[in-house]
Amino acid sequence: MKFLVSKVEDWSLVAKHVVSLLTPSTMILLSGPLGAGKTIFVQALAKELGSKKIPKSPSFALVRTYKLQNTKQIDRLVHVDAYRLESEREALALGLDELVEPGSVLAVEWPEKLGNWLQPLRNPRIEMHITVDPRHETRHVRIR
Amino acid sequence: MVTRKRIEKKDVRDKVRILAIETSCDETAVAILEVGKRKGKDVSLIVKKNLVSSQIPIHQKYGGVVPEVAARTHVPETVALLTEALGRRGLDAFDAIAVTSGPGLATALRVGVEAARMLAFLSEKPLIGVNHLEGHIASAWLDPKNRARWEFPLLALVVSGGHTELVLMKDFCSYRIVGETRDDAAGEAFDKSAKLMGLPYPGGPEIAKLALSGDPEAIPLPRPMLKDPGLDMSFSGLKTAVRVAWESWKTVSEERRAQTRKDLAASVQQAIVDVLVEKTLRAVKKYHVKGVLLVGGVSANLVLRETLEARLHEVFPDIAFLPSDKKYITDNAAMIAAAGSWHLKKGESRDWRKLDANPEWNL
């Protein structure tokens with residue numbers, strides 16, 4: 001599935017589509033350069049899932065969690081940001097094994113920095129790639 | 001046993017020494033703060049120990065912060081710093097323990113919290129769980145010049161790599177967040193803009209250095225939410241603006257490049273400072289505060305310090321400007337001890353059995 005995002009509001013359409021694919025314990029892997037809109041997408045996703053709080057960038061904190069209210073099966077959104085990790089070994093500090101719980105949905109920014117840590121996790125996956133068109137300041141979003 | 005208790009009682013009356021431990025993110029820190037008798041209006045505060053195992057050299061080597069190295073070294077570092085801080089006096093070196101119990105990274109917080117619980121169990125002394133944000137606010141209390149002008153209600157602007165909050169304080173230990181960033185923290189905006197410009201970590205000081213010889217008005221950058229009447233802020237849009245400016249920078253002729261980079265640095269800094277200062281002024285007006293605290297790592301930024309002080313002086317000449325001493329702006333344990341002293345004075349302490357790390361603790 002492909003989306004063209006040209007204004008902030010468009011992210012809610014992308015979020016609605018992702019929510020339709022979600023099952024408990026899904027990992028959403030978000031790839032794209034700095035400023036692509038990964039955190040804005042997670043904000044739209046949290047809103048769709050019934051979070052009262054608006055997610056903020058977890059780049060410094062590394063992990064932030066949000067309580068969800070819209071569905072019974074999914075009660076927690078875990079927002080992980082591997083931006084500051086410089087080697088795969090460092091993923092140990094995130095305590096990923098503790099974050100992957102049956103009622104949680106994980107949204108992971110910079111998943112490529114987690115490398116092999118994600119492999120043993122058998123959670124359902126959604127991969128999202130965001131590219132920025134510099135001339136038109138639009139985003140192309142590819143989901144699979 | 002009876003004699004020992006009597007000595008402890010006397011100690012409590014004369015002066016209280018608070019041992020503090022901070023391991024919420026990248027730094028491991030241990031401090032001992034001695035809170036003495038009141039001298040006139042002021043209390044006597046002496047920072048006896050202030051140990052921080054700064055990991056900046058490791059960060060610079062990697063070109064970014066290294067959390068796993070940080071989380072792992074919290075254990076040996078905490079033990080090493082505690083050994084040094086307590087010295088020969090061991091458990092007699094302190095009368096109470098304060099520890100950062102949130103918010104932060106679970107794996108990192110736990111190291112400090114477990115060490116503090118163990119010390120409280122062994123020493124049977126009061127234990128206090130301190131919020132990291134509250135610690136930053138209390139860093140301003142360590143400066144006697146600030147204590148002399150301390151009058152509630154106060155407004156604190158907390159700015160760091162992970163935080164950008166405006167906190168209203170009506171009393172000690174009473175906090176209300178009245179404004180905050182909706183996305184990136186101000187320190188993060190500095191760091192990520194620097195990264196986009198190819199500058200080394202940490203980006204804030206690098207941008208500030210280049211900005212000294214740049215024109216802050218050369219490159220128009222957005223001031224998001226400045227038109228919004230509320231007190232919330234937003235810095236994530238700056239990344240796109242900086243990237244666009246950076247892309248066009250590449251087309252500038254060789255001789256102009258160095259100056260354009262300085263201009264961009266100055267413009268980024270000005271955009272961030274403008275939003276922080278303007279929102280702070282609005283909060284001052286709205287809540288009729290008597291003083292403004294400026295705390296957290298980004299408060300090292302001179303342009304922010306000077307602009308906020310000048311604008312406050314200009315618009316609200318009677319309001320005290322209370323920035324924390326530069327010694328205590330980055331993560332440290334002396335500020336955690338200072339916040340602990342407020343709770344101790346109110347008689348608030350925790351049973352060691354009940355204190356737990358709380359990664360999502362909102363002030």
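Note that these values count all heavy atoms, side chains included, but never hydrogens, waters or copies made by symmetry.
By a heavy-atom distance cut of under 4.5 Å, not one residue of residues 100-115 of chain A is near chain B.
Neither the backbone nor the side chain of Thr39(A) comes within contact range of chain B, judged by heavy atoms closer than 4.5 Å. For Glu188(B), the part lying near chain A is the side chain, with the backbone staying farther off; criterion is any non-hydrogen pair under 4.5 Å. With a threshold of 4.5 angstrom between heavy atoms, Asn362(B) approaches chain A through side-chain atoms but not through N, CA, C or O. Heavy atoms closer than 4.5 Å to chain B are found in the backbone of Pro55(A), but not in its side chain. Only the backbone of Arg182(B) comes within less than 4.5 Å of a heavy atom of chain A; no side-chain atom from C-beta onward does. Proximity to chain A (any heavy atom under 4.5 Å) is shown, for Ser160(B), by neither the backbone nor the side chain.
Arg243(B) has its side chain out of reach of Leu34(A): every pair of non-hydrogen atoms, C-beta onward, lies at least 4.5 Å apart. Using a 4.5 Å heavy-atom threshold, the side chains of Glu360(B) and Tyr66(A) count as separate.
Asp183(B) CG to Ser57(A) OG: the interatomic distance, rounded to the nearest 0.5 Å, is 8.0 Å. To the nearest 0.5 angstrom, Leu105(B) atom CG is 10.5 Å from Phe60(A) atom CZ.
Sorted by first and then second residue, the salt bridge (charged side-chain N to carboxylate O under 4.0 Å, His left out) pairs with a member in residues 38-53 of chain A read Lys16(A)-Glu48(A); sequence neighbours excluded.
Considering only heavy-atom pairs separated by less than 4.5 Å from chain A, the leading option among Lys192(B), His163(B), Glu247(B) is Lys192(B). Contact tally against chain B (heavy-atom pairs below 4.5 Å) for Leu94(A), Thr65(A), Ile54(A), Val63(A): the top residue is Thr65(A). Interface check for chain B: of the options Ala61(A), Pro33(A), Ser59(A), the most heavy-atom pairs under 4.5 Å are formed by Ser59(A).
Heavy-atom minimum distance, Arg64(A) versus Gly162(B): NH2-O, 3.8 Å. Across Gly35(A) and Thr240(B), no two heavy atoms sit closer than the pair O-OG1, 3.5 Å.
Under the salt bridge (Lys or Arg N to Asp or Glu O under 4.0 Å) criterion, Arg110(B) pairs with Glu98(A), sequence neighbours left out. Under the salt bridge (Lys or Arg N to Asp or Glu O under 4.0 Å) criterion, Arg122(A) pairs with no residue at all, not counting sequence neighbours.
Between Lys56(A) and Glu165(B) there is a salt bridge, with a side-chain nitrogen of the basic residue lying less than 4.0 Å from a carboxylate oxygen of the acidic one.
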- Message: Before you tell me yes or no, could you show the steps for Asp191(B) and Arg84(A) under salt bridge (Lys or Arg N to Asp or Glu O under 4.0 Å), namely the whole-Å CA-CA distance, both residues' side-chain angles and the distance that decides it to 0.1 Å?
- Response: CA-CA 11 Å; Asp191(B) 280 342; Arg84(A) 298 203 296 146; over 6 Å; no
